[in-house]
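Following: one structure in structure tokens, then a few remarks.
Just so it is clear, the structure is predicted and the values come from calculations on it, not from any experiment.
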Amino acid sequence: MAGTRVWMVALLWLVDVPLWAQQVYAWKYERQGDSIVLADSIMWVSSFHPEGQNLDARIVDSSRVILISDVLHRGKLDIYLVDFLRGELRMLTATKDDERLPWMDATHPYILAVRTNGERAYLWYYPKSGTSMGNVLYEEEKGSIADYMPVGKAELFIVRRTNVHSLNTFDASSTSLILYNTEAKKKRRILRNISPSLAWMDSVLYFIHYKTDEIVQLRSYRLEERHPRVLTSLPQHCTHLTALDSAAFLLADTSQLYIVLRDTGSSAWKTVSGPKFSEMGWKRLLYLDAKYGWVILTVEKSP
């Protein structure tokens with residue numbers, strides 16, 4: 001996004017950070033016919049964090065992001081709400097544990113985040129006021145929560161993984177997609193071997209299946225007999241996926257971004273190569289989200 005005011009706001013967030021610091025970018029996008037145009041990005045957060053942890057950011061609306069960071073240098077990761085257009089930041093939690101994977105939208109009464117204690121991972125919910133320590137919504141005893149997504153009033157999609165060595169490594173063969181009912185407190189495994197990134201749009205779940213390197217859509221997840229539909233095969237082994245709209249996705253592997261588009265004339269899917277991380281001065285992409293015409297990227301900068 002261009003403009004002197006925006007760049008001045010971005011500069012307000014710059015702080016002295018170690019060389020291994022992670023940074024968060026807001027990237028404007030728009031559809032032009034059968035193409036997606038990524039406009040200039042703005043770096044709106046550059047923050048210290050405990051080494052080895054990832055900064056997670058998800059879009060709330062057209063100007064705000066909920067962020068996991070350590071802006072106040074407490075040595076712990078907490079939840080912040082950032083208005084990246086106004087340059088306003090509000091700390092929502094100050095817990096003794098590190099939070100991860102924040103989630104919030106305008107209609108849901110709570111803020112959600114993952115906390116880990118030993119071999120157990122918990123999905124916590126907090127009031128939007130941020131005044132409470134929160135309560136446990138879901139518990140994973142012998143694995144970790146790689147991602148999750150609320151659907152409806154009482155259901156959650158949860159990507160569970162076992163054989164966890166580090167938050168920074170990912171083994172797709174150890175993942176399972178779980179459907180959890182928060183009212184009945186029952187969970188049911190749906191699929192295995194999927195990517196940690198989930199995209200939900202128009203009551204359809206999208207993900208990457210690792211055994212086939214394909215984007216898959218799942219409509220009938222409540223039925224005992226499920227028939228996932230393959231949208232398109234991928235040229236690269238991607239780990240990150242987010243939906244730009246019902247006919248466009250943004251993906252990333254370890255080296256660059258890709259855009260997958262459905263051609264309006266033939267209905268065929270095509271893959272367009274995006275920026276390479278080396279050209280952007282990035283070592284790797286850690287988190288990806290898109291909504292309301294914005295892409296939010298958490299990256300680790302190259303030394």
- Residues passing the side-chain contact (heavy atoms from CB on, under 4.5 Å) test with K187, sequence neighbours excluded, are Y138, E140, I178, Y180

For the [atom1] atom of [X] and the [atom2] atom of [Y], what is their distance to the nearest 0.5 Å?
{"X": "N181", "Y": "R188", "atom1": "CG", "atom2": "CZ", "answer": "10.5 Å"}
{"X": "K283", "Y": "S255", "atom1": "NZ", "atom2": "OG", "answer": "14.5 Å"}
{"X": "I68", "Y": "D98", "atom1": "CD1", "atom2": "CG", "answer": "9.0 Å"}
{"X": "I66", "Y": "L101", "atom1": "CD1", "atom2": "CG", "answer": "11.5 Å"}
{"X": "S195", "Y": "L241", "atom1": "OG", "atom2": "CG", "answer": "6.0 Å"}
{"X": "K128", "Y": "L81", "atom1": "NZ", "atom2": "CG", "answer": "9.5 Å"}

Hey, does [Y] have a side-chain heavy atom less than 4.5 Å from the side chain of [X]?
{"X": "I59", "Y": "Y292", "result": "yes"}
{"X": "D213", "Y": "S233", "result": "no"}
{"X": "I215", "Y": "L251", "result": "yes"}
{"X": "L250", "Y": "V260", "result": "no"}
{"X": "I194", "Y": "I208", "result": "no"}
{"X": "L205", "Y": "L198", "result": "yes"}
{"X": "E88", "Y": "V82", "result": "no"}

- Test side chain to side chain contact (heavy atoms under 4.5 Å, CB included) applied to D34 and K270, step by step: CA-CA 10 Å; D34 286 339; K270 60 181 180 180; 4.2 Å; yes

- Message: Counting neighbours of NZ on K276 that are heavy atoms of other residues, nucleotides or ligands and sit closer than 6.0 Å, is the number greater than 12?
- Response: no

- Message: Apply side chain to side chain contact (heavy atoms under 4.5 Å, CB included) to residues T95 and D78 and explain how you reach the verdict.
- Response: CA-CA 7 Å; T95 65; D78 288 296; 3.7 Å; yes

Hphob cluster co-occupancy, [X] + [Y], side-chain heavy atoms under 4.5 angstrom:
{"X": "L257", "Y": "V272", "value": "yes"}
{"X": "I158", "Y": "Y110", "value": "yes"}
{"X": "I36", "Y": "L285", "value": "yes"}
{"X": "L89", "Y": "L85", "value": "yes"}
{"X": "L137", "Y": "M104", "value": "no"}

Heavy-atom pair with the smallest gap, counting every atom of [X] and [Y]:
{"X": "A121", "Y": "G143", "value": "CB-O, 3.9 Å"}
{"X": "L156", "Y": "V151", "value": "N-CG2, 4.3 Å"}
{"X": "K28", "Y": "G293", "value": "CD-O, 3.3 Å"}
{"X": "A57", "Y": "L67", "value": "CB-CD1, 3.9 Å"}
{"X": "A248", "Y": "R31", "value": "CB-NH2, 3.3 Å"}
{"X": "Q256", "Y": "S273", "value": "NE2-CB, 3.5 Å"}

- Query: What residue among W103, Y206, F157 forms ring-ring contact (aromatic ring centres under 6.0 Å, His included) with W200?
  - Reply: F157

Taking only residues two or more places apart in sequence, or in another chain, which ones meet [X] in a salt bridge (Lys or Arg N to Asp or Glu O under 4.0 Å)?
{"X": "D289", "answer": "none"}
{"X": "R58", "answer": "D147"}
{"X": "D105", "answer": "none"}

- Task: Can you spot which of D56, L288, T242, V65 makes a side-chain contact (heavy atoms from CB on, under 4.5 Å) with I296?
- Result: V65

For the residue pair [Y] / [X], report whether a side-chain donor-acceptor contact shorter than 3.5 Å exists.
{"X": "E99", "Y": "Y80", "answer": "no"}
{"X": "D253", "Y": "Y258", "answer": "yes"}
{"X": "R161", "Y": "S144", "answer": "yes"}

- Message: Apply side chain to side chain contact (heavy atoms under 4.5 Å, CB included) to residues L231 and F249 and explain how you reach the verdict.
- Response: CA-CA 11 Å; L231 295 187; F249 298 88; 3.9 Å; yes

Say whether, by atom type as modelled, one donor and one acceptor occur between the side chain of [X] and the main chain of [Y] under 3.5 angstrom.
{"X": "D61", "Y": "R64", "value": "yes"}
{"X": "T175", "Y": "R192", "value": "no"}
{"X": "D202", "Y": "V204", "value": "no"}

Using the six-membered ring wherever Trp is involved, compare the ring planes of [X] and [Y] and label them parallel, tilted or perpendicular (cut-offs 30° and 60°).
{"X": "W294", "Y": "F84", "answer": "perpendicular"}
{"X": "F277", "Y": "W282", "answer": "tilted"}
{"X": "F207", "Y": "H209", "answer": "tilted"}

- Message: Determine whether Y122 and W124 satisfy the following criterion, side chain to side chain contact (heavy atoms under 4.5 Å, CB included), listing intermediate values before the conclusion.
- Response: CA-CA 6 Å; Y122 304 90; W124 287 70; 3.3 Å; yes

- Check ion pair R115-D97 (N to O, under 4.0 angstrom): yes

- Item | Set of ring-ring contact (aromatic ring centres under 6.0 Å, His included) partners for Y148, sequence neighbours left out | none

- Message: Please enumerate all residues that pass ring-ring contact (aromatic ring centres under 6.0 Å, His included) together with Y29, with sequence neighbours excluded.
- Response: none

